[in-house]
Number of protein chains: 2
Amino acid sequence: MNISEVSTASGLPAKTIRYYEDIGLIRPARSANGYRAFSDQDAHKLAFLSRARSLGFSIEDCRTLLALWEDRSRASGDVRKLAKDHLDEIDRKLAELHQMRDSLAHLVKCCAGDDRPDCPIIDRLAKD
Amino acid sequence: MNISEVSTASGLPAKTIRYYEDIGLIRPARSANGYRAFSDQDAHKLAFLSRARSLGFSIEDCRTLLALWEDRSRASGDVRKLAKDHLDEIDRKLAELHQMRDSLAHLVKCCAGDDRPDCPIIDRLAKD
DNA sequence: TATAGGGCTTCCCACCGCTGGAAGGTCAAG
DNA sequence: CTTGACCTTCCAGCGGTGGGAAGCCCTATA
């Protein structure tokens, strides 16, 4: 398989796939002409990576997850811990974003949004 | 005021303040010794920036907000639009994060997290 | 067989918003 | 006179791509 094929199959841009090789997440073979030659296993890995990334795992987490995937004697506890830590991090970000959203929504609601200069949003930022 | 003083006052790291000068958000004067000499107005601007950033506005949005703040003939509608667009963006991110969180929470809940290798998290990522 | 087009390669730069560190000038206290 | 805290500039790097240049390779058509 050439890169465009695994790209379509995995949903990852070719650029991203080359980057993943650069940082050692995958090691596709090379054809005689220098083109990357992806095996089915490479394609599976890329699909795995694509799904892990879409769940928000960092590249380093993905590296660990790949290793755990390939380790048949893994402990599911290790996977769970990684996922739980990530979940906690997401919850932290969610709380932060919610906080932002509520403040902002309140300000937007209070602002007349007309031609006059008076603006509670600016006032809040300036806090004068 | 030297940089450490406005840093403490605004809650922004000195590095960040220098960066803000670099990109033209503030233009503090200079003392004879080459040190930045911040006026009260500079300090106000930095506090404004700090609050705007903590509401998640991008640097470019902050630049616009600063200009609107200083424009006494501004239309509050312009401020409101900026804030509303940002709010919509936050809502988009919140939805995306919620989606991640729910998928991940489900998987974490389903995983035994013990010494055995069977793991629904890995299974989902591998989708074999 | 020549040529046109697409796909592939490597390489380097840009993005955002800082952050760290090195190398060196300045200032106030002891 | 030295120490140490503060300030300066500059350069590099983070994550995770994306854009684009320069150049090779492959296939199809004229």
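Predicted model, so just to flag it, every value in this text is computed and none were measured. Residue numbers begin at 1 in each chain, while the letters A, B, ... track the order of the sequences.
- Within the structure, every side-chain polar atom (N or O) of Thr16(B) is placed at least 4.0 Å from both OP1 and OP2 of dG17(C).
- Under the rule for a ring pair (Phe, Tyr, Trp, His ring centres under 6.0 Å), His44(B) has no partner lying at least two apart in sequence or in another chain.
- With sequence neighbours excluded, no residue satisfies ring pair (Phe, Tyr, Trp, His ring centres under 6.0 Å) with His106(A).
- For CZ of Arg74(A), the number of neighbouring non-hydrogen atoms (other residues, nucleotides, ligands) closer than 6.0 Å is greater than 12.
- Ion pair Arg27(A)/Glu21(A) not flagged as a salt bridge, since none of the NZ, NE, NH1 or NH2 atoms sits closer than 4.0 Å to an Asp/Glu carboxylate oxygen.
- Checking side-chain atoms of Ser76(A) against main-chain N and O of Gly113(B) turns up a donor-acceptor pair under 3.5 Å.
- Using a 4.5 Å heavy-atom cutoff, the side chains of Leu12(A) and Ser7(A) are not in contact.
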Response to the item:
In 5'-to-3' order, the base (B), backbone-only (S) or no-contact (-) status of each nucleotide in nucleotides 4-12 of chain D, using a 4.0 angstrom heavy-atom cut-off, is --BSBBB--
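- dC14(D) atom P lies 17 Å from atom OH of Tyr19(B), rounded to whole Å.
- In this entry the distance linking CG of Asp22(B) with P of dC18(C) reads 13 Å, nearest Å.
- Look at Tyr20(B) and you'll find a side-chain N or O under 4.0 angstrom from OP1 or OP2 of dC18(C).
- Using a 4.0 Å cut-off between a side-chain N of Lys or Arg and a carboxylate O of Asp or Glu, Lys45(B) and Glu70(B) qualify as a salt bridge.
- Of the charged side-chain nitrogens involved, none lies within less than 4.0 Å of a carboxylate oxygen, so that Asp88(B) and Arg92(B) do not count as a salt-bridged pair.
- Salt-bridge annotation for Glu96(B) and Lys93(B): absent, with no side-chain N of the basic residue lying under 4.0 Å from a carboxylate O of the acidic one.
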Item to complete: Go through Trp69(B) and Val79(B) one step at a time and tell me if the side-chain contact (heavy atoms from CB on, under 4.5 Å) criterion holds.
Response: CA-CA 9 Å; Trp69(B) 179 33; Val79(B) 183; over 6 Å; no
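- Residues satisfying the salt bridge (charged side-chain N to carboxylate O under 4.0 Å, His left out) test with Arg18(B), not counting sequence neighbours, are none.
- Atom CD in Glu89(B) sits about 14 Å away from atom P in dC16(C), given to the nearest Å.
- The interatomic distance linking Ile17(B) (CD1) with dG17(C) (C1') rounds to 14 Å, in whole Å.
- Of the residues in residues 40-67 of chain A, not one places a heavy atom less than 4.0 Å from an atom of DNA chain C.
- Axis angle between the ends of the helix from dT1(C)-dA30(D) to dG30(C)-dC1(D), five pairs each and rounded to 10 degrees, works out to 30°.
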